[in-house]
Asks: 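Below is a structure I'd like to ask you about.
Convention: sequence-line order gives letters A, B, ...; per-chain numbering from 1.
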There are 2 protein chains.
Amino acid sequence: MALRHAVLAALLDGELSGYQLTKAFDIGVANFWHAQPQQLYAELTRLEKDGLIAGRSVVQETRPTKRLFQVTDAGLAELEEFTAAFAKPSFIRDDLLVKVQAADHVDKKTLIAQLSERATFAEAKIQLFGKLLRKMRGDRTEEEFLRHGHRIGPYLTCLRGLALEQGNRDWCERTITVLRERRHHHARH
Amino acid sequence: MALRHAVLAALLDGELSGYQLTKAFDIGVANFWHAQPQQLYAELTRLEKDGLIAGRSVVQETRPTKRLFQVTDAGLAELEEFTAAFAKPSFIRDDLLVKVQAADHVDKKTLIAQLSERATFAEAKIQLFGKLLRKMRGDRTEEEFLRHGHRIGPYLTCLRGLALEQGNRDWCERTITVLRERRHHHARH
DNA sequence: TGTGAGTACTCATTTTCATGACTATCATGG
DNA sequence: CCATGATAGTCATGAAAATGAGTACTCACA
């Protein structure tokens, strides 16, 4: 039951509709969790039923009516409780790592292509996170912002996302280099 | 269906019993996937039924009879296919990040405790990965090993695991520092 | 004039994961 | 002699996540 709390945490930044939430949760802009639209709508329904969030309908002229949700006091209490509870250390679960684990037994060229694709993807996310961070801190320096800014949670999680993607990119590049060198070396024999 | 391939990749290193597999998959020695024993046994059964692995019973005098599994040619082909297929970019999904996302609204002391715990855990894994890497490369340097060693897949995934945990540790420490400074600053007002 | 993209959401189903409980045997330490 | 822990698994159940399909309305573009 952690999606529940991820949604609560996301709603802390202000009222959001289900649709806006899906935008934040889908491609990876949400650097602290990921979920499908269907899960989010279902979770919103449940959260509202349990009184942890309150929704209000907003009728729009040109677009379909939407429902905006905000966290209630009960929701805040729930988050507080969640924060105090034990967090199981998260594990990696990545197709690409499985492929590299089998590196000695599969086609190197294919593997290099996959790694290269991932490196490109990581680079794109690095750019995105960079933009997000700049936007959040405005014209202040990072130090300044983290000391005195008034909503550093999203900034901090974004920093982790950034570092993660940098790690991904660097590792992909390193691994590609290693595999290439071995290809050349073996070709000589 | 990725656990399937994770098991295949793990079995490439040599015949393993279900029990040995669980040992490799549990605490985090498996730096590329994680699964419960029950899942592994179930997956082994399925893999054998599909002819991707072959099992043989080994009767032991002093211990229960075990079954050792090895990857078949069909299994190798399956892995090859998997390697060529699209890999969905993995997303983070971490309780701790959810908690930090809500940092501005929850008790800082509790949060710092959680971060500190995670940093300790990360440090322990860093040590573990360091040992594993040294063991795998023997007395060779990393460069040497990666160039000429004959089973670099596990080494490469272990490198990613190491970098990930270093990232975790550094981020936890940084975040703790930021939260502490804000606590002191706010205390003054 | 219709095609595709964006907004806003719902329903149903399947697959995957996680949990707890259970059966055995053997070795070790106290 | 009894408890604990390691070896080597199995069964059943439930929660969580992923997938596929569908509704309905609007706007821009060609």
Asks: So which one's nearest nucleotide on DNA chain D is more toward 5', B/Arg93 or B/Arg67?
Replies: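 Counting from the 5' end, the first nearest nucleotide belongs to B/Arg67.
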
Asks: Can any side-chain N or O of A/Tyr155 pair as donor or acceptor with the backbone N or O of A/Gly149 at less than 3.5 Å?
Replies: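 Here the side-chain-to-backbone pair does not exist.
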
Asks: What residue among B/Glu78, B/Glu43, B/Glu81 forms side chain to side chain donor-acceptor pair (under 3.5 Å) with B/His5?
Replies: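 Looking at B/Glu78, B/Glu43, B/Glu81, the match for B/His5 under the side chain to side chain donor-acceptor pair (under 3.5 Å) is B/Glu78.
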
Asks: Without decimals, in angstroms, what is the distance between B/Leu3 CG and D/dA16 P?
Replies: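 It works out to 20 Å between those atoms.
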
Asks: Quick one: which of B/Leu47, B/Leu79, B/Leu8 gives a side-chain contact (heavy atoms from CB on, under 4.5 Å) with B/Val71?
Replies: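 Result for side-chain contact (heavy atoms from CB on, under 4.5 Å) with B/Val71: B/Leu8.
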
Asks: Please state whether the phosphate of D/dG9, meaning OP1 or OP2, lies under 4.0 angstrom from any side-chain nitrogen or oxygen of B/Ser17.
Replies: yes

Asks: Dump the pairs, protein N or O against N or O of nucleotides 24-26 of chain D, anything under 3.5 Å, distances to one decimal.
Replies:
residue, atom, partner, partner atom, Å
D/dT26, O3', A/Thr62, O, 3.4
D/dT26, O3', A/Thr62, OG1, 3.2

Asks: Indicate whether any N or O donor in one side chain lies under 3.5 Å from an N or O acceptor in the other, for A/Gln127 and A/Glu123.
Replies: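 Side-chain D/A pair, A/Gln127 to A/Glu123: present.
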
Asks: Do the side chain of B/Thr72 and the main chain of B/Ala54 share a donor and acceptor less than 3.5 angstrom apart?
Replies: no

Asks: Side chain of A/Tyr19: nearest nucleotide among D/dG9, C/dT7, C/dC17?
Replies: C/dT7

Asks: Given atom CD of A/Gln36 and atom P of C/dC11, what is their separation to the nearest angstrom?
Replies: 18 Å

Asks: Check whether NZ of the Lys or CZ of the Arg B/Lys66 lies under 6.0 Å from the centre of the six-membered ring of B/Tyr19 and within 45 degrees of that ring's axis.
Replies: no

Asks: Take the protein atom NE2 of B/His34 and the nucleotide atom C1' of C/dT16, then report the distance between them rounded to whole Å.
Replies: 15 Å

Asks: Does C/dG20 have its OP1 or OP2 closer than 4.0 Å to a side-chain nitrogen or oxygen of B/Gln38?
Replies: no

Asks: Quick check: is B/Phe25 connected to B/Leu68 through a chain of hydrophobic side chains (ILVMFWY, heavy atoms under 4.5 Å apart)?
Replies: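 Each belongs to a different hydrophobic cluster.
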
Asks: Could you walk me through whether A/Glu142 and B/Arg174 pass salt bridge (charged side-chain N to carboxylate O under 4.0 Å, His left out), step by step?
Replies: CA-CA 12 Å; A/Glu142 185 162 299; B/Arg174 175 87 208 278; 3.2 Å; yes

Asks: Could you walk me through whether A/Asp95 and A/Arg118 satisfy the salt bridge (charged side-chain N to carboxylate O under 4.0 Å, His left out) test, starting with their C-alpha distance in whole Å, then the side-chain angles of each, then the deciding distance to 0.1 Å, before giving a yes or no?
Replies: CA-CA 11 Å; A/Asp95 283 4; A/Arg118 174 65 66 89; over 6 Å; no

Asks: Please list, by residue number, the residues of residues 39-55 of chain A whose heavy atoms come closer than 4.0 Å to an atom of DNA chain C; answer none if no residue qualifies.
Replies: A/Tyr41

Asks: Whole angstrom is fine here: how far is it from CZ in B/Arg4 over to P in D/dA18?
Replies: 20 Å

Asks: Over how many whole Å does the gap from A/Lys66 atom NZ to D/dT23 atom C1' extend?
Replies: 20 Å

